[in-house]
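Can you keep this structure in mind? I'll have questions shortly.
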2 protein chains.
Amino acid sequence: MLDAFERLVVATGERSATFDATAAEAGVSKGGLLYHFPSREALVDGLVDRLGALLDADVAAMTSAPDGVVDYVLRTSSPSAIPADDPLDRCITAVAGLAASGLWPRAASALASMQQRWHDVVLDEVGDPAVAQVVSLVSDGLYFTPGQFSSDGSGSPGPARPRASLDEVIALLRGLGR
Amino acid sequence: MLDAFERLVVATGERSATFDATAAEAGVSKGGLLYHFPSREALVDGLVDRLGALLDADVAAMTSAPDGVVDYVLRTSSPSAIPADDPLDRCITAVAGLAASGLWPRAASALASMQQRWHDVVLDEVGDPAVAQVVSLVSDGLYFTPGQFSSDGSGSPGPARPRASLDEVIALLRGLGR
DNA sequence: GTCTATAGGACGATAGAC
DNA sequence: GTCTATCGTCCTATAGAC
């Protein structure tokens, strides 16, 4: 049921992920769903808790990444480098959608806490606060802007200008650390 | 009336900016508001059009900025460096709130178009696509993550680790261009 | 142009049968 | 535990007086 809620928030937004729609997506009825999650807030809390658990695993993987923390952070922040069904990515996107609605403070603070944890790990590796800040900001920029707003293409009147590849960006930021 | 709608979207989110609330904020009645904006979509379109106009002025200011495009872009993307009542900033935040709800494709594509325009100008100045990409991403990261989610503080269990100042980040990125 | 009144529909949540 | 049925509330939008 939580999976269904998460899918709907990611796909259609917070507002469309109603009890009715979630129950239908999960293959149960509204009453059945409401037995396990007595309120909408309970659904949100469920997703926030899930994010915390997935994040613990992610931080552990990050600190022991073979190519280093910076490479790991940027690569796992880039939509083009994440498998579409990655559990952590889906959960982050869902919680971000909840937070953006402005109705769920717990979702917002969970995201802030997540970014702080990432920043701490990056800072421990690179040492320099300015470099760590840039890496964190690029990671945030990668995460929260690209396919986040599913453009229908009508917004780009002219041909798109060249954009650099993820590898080039990573190489550039690695150079900063030396 | 459009100002009232914009303020409400920024302050309380898309979902709370109803006809009733907007009319009250604007000091008119619901019927009066509906005479000028016959549907909710008309209000959204009004904000999208306003964003386009403000953006034209911003791009013009950007290309003739005394300290260069990169400095201008990063500084006008940082919440700590923007006056709280900046019209463009308020409008961007509002349109972003609308886009995040997933219900207004025009708001989403307007934002994508805005980012593309900024990226084009940066690329024209710095030349290197990778550097331009990093600057754009940092700008996006500055805009869409910091105070965007108004944390109540409960999300930070430990003391916050040191974060670099905007000036340090700008200095770092300027060094990339050489 | 601006107002009141209200239609019509969707949503969150409750009650109670099975 | 899961279902159907329903209540109360809030929202978009319409109708019509002034």
Side-chain angles (χ1 to χ4, degrees), chain A residues 1-51 91 93-110, chain B residues 1-51 91 93-110:
Chain A
M1 294 178 178
L2 208 51
D3 288 336
F5 183 61
E6 188 182 77
R7 274 195 301 273
L8 281 178
V9 171
V10 170
T12 65
E14 189 267 346
R15 205 173 168 179
S16 307
T18 65
F19 275 118
D20 251 322
T22 303
E25 173 82 14
V28 295
S29 193
K30 189 152 64 161
L33 174 61
L34 275 159
Y35 175 80
H36 297 277
F37 298 93
S39 74
R40 216 170 138 72
E41 191 171 7
L43 277 170
V44 174
D45 287 350
L47 237 51
V48 168
D49 292 345
R50 168 180 288 190
L51 177 60
C91 193
T93 307
V95 174
L98 296 174
S101 77
L103 296 172
W104 310 110
R106 290 201 53 192
S109 52
Chain B
M1 295 178 178
L2 209 50
D3 288 336
F5 183 61
E6 187 182 77
R7 275 196 301 273
L8 281 177
V9 171
V10 170
T12 66
E14 188 268 344
R15 208 173 169 182
S16 307
T18 66
F19 276 116
D20 248 324
T22 303
E25 173 83 15
V28 296
S29 193
K30 191 151 59 162
L33 173 62
L34 275 159
Y35 175 79
H36 296 277
F37 298 93
S39 74
R40 217 169 138 70
E41 191 171 6
L43 277 169
V44 174
D45 287 350
L47 238 50
V48 168
D49 291 346
R50 167 180 288 189
L51 176 60
C91 193
T93 308
V95 174
L98 296 174
S101 76
L103 294 173
W104 311 109
R106 288 200 53 191
S109 52

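Chain A is the first sequence line, chain B the second, and so forth, proteins listed ahead of strands; every chain is numbered from 1.
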query: What is the minimum heavy-atom distance between Ala107(B) and Val95(B), and which atoms define it?
result: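 Looking at all heavy atoms of both residues, the shortest contact is O-CG1, 3.6 Å.
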Side chain Ser29(A), main chain Gly32(A), donor-acceptor under 3.5 Å: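 No; zero donor-acceptor contacts below 3.5 Å.
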message: Checking contacts here: which listed nucleotide (dG1(C), dT6(C), dG1(D)) is nearest the side-chain heavy atoms of Tyr35(B)?
response: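 Closest of the options to the side chain of Tyr35(B): dG1(C).
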query: Can you tell which of dT2(D), dC3(D), dT4(C) lies closest to the side chain of Ser29(A)?
result: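 From the listed options, dC3(D) comes nearest.
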query: dC11(C) P sits how many Å from Leu103(A) CG, rounded?
result: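 Whole-Å distance recorded here is 15 Å.
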query: When you match Gly31(A) and Ser16(A) each to their closest nucleotide on DNA chain C, which lands nearer the 5' end?
result: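 Final value for this comparison: Ser16(A).
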query: Is there a side-chain contact between Val48(B) and Ser109(B) (heavy atoms, below 4.5 Å)?
result: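 Sidechains of Ser109(B) and Val48(B): no contact.
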task: Provide, to the nearest angstrom, the distance between the CD atom belonging to Glu41(A) and the C1' atom belonging to dA13(C).
output: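 Glu41(A) atom CD is separated from dA13(C) atom C1' by 14 Å.
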Separation of atom CG in Asp20(B) from atom P in dC3(C), rounded to whole Å: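 Rounding to the nearest Å, CG of Asp20(B) and P of dC3(C) are 12 Å apart.
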message: I need the CZ-C1' distance between Phe19(B) and dT2(C), as an integer number of Å.
response: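 Between C1' of dT2(C) and CZ of Phe19(B): 15 Å.
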- request: Please state how far atom CG in Leu43(A) lies from atom P in dC11(C), giving the value in whole angstrom units.
  value: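 Atom-to-atom, Leu43(A) to dC11(C), this comes out as 15 Å.
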- request: Name the closest nucleotide to the His36(A) side chain, picking from dT2(D), dA13(C), dA13(D).
  value: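 Nearest listed nucleotide: dT2(D).
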message: Both Val28(A) and Arg15(A) contact DNA chain D. Which one's nearest nucleotide lies toward the 5' end?
response: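 Its nearest nucleotide being more 5', the pick is Val28(A).
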- prompt: Are any of the side-chain heavy atoms of Glu6(B) and Leu51(B) separated by less than 4.5 Å?
  reply: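 A side-chain contact is absent here, since even the closest heavy-atom pair is not under 4.5 Å.
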task: Using a heavy-atom cut-off of under 4.0 Å over every strand shown, decide if Leu33(B) touches base, sugar-phosphate, or nothing.
output: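 Answer is nothing: Leu33(B) stays at 4.0 Å or more from every strand.
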query: Given atom NZ of Lys30(B) and atom C1' of dT4(C), what is their separation to the nearest angstrom?
result: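 From Lys30(B) NZ to dT4(C) C1': 11 Å.
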message: From C-beta outward on Thr18(B), which listed nucleotide comes closest to its side chain: dC3(C), dC11(D), dA13(D)?
response: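 Minimum distance to the Thr18(B) side chain belongs to dC11(D).
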task: Output the single nucleotide from dT4(D), dC3(C), dT12(D) whose closest atom is nearest the side chain of Arg40(B).
output: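 The listed nucleotide nearest to Arg40(B)'s side chain is dT12(D).
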query: Can you check whether Ser39(A) has a side-chain N or O nearer than 4.0 Å to OP1 or OP2 of dG12(C)?
result: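 Indeed not, no polar side-chain atom of Ser39(A) lies that close.
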- prompt: Would a 4.5 Å heavy-atom cut-off, applied to side chains only, mark Phe5(A) and Glu25(A) as touching?
  reply: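 No, every pair of side-chain atoms sits at 4.5 Å or beyond.
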Whole-Å distance separating the CZ atom of Phe37(B) from the P atom of dA13(D):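 Result: 13 Å.
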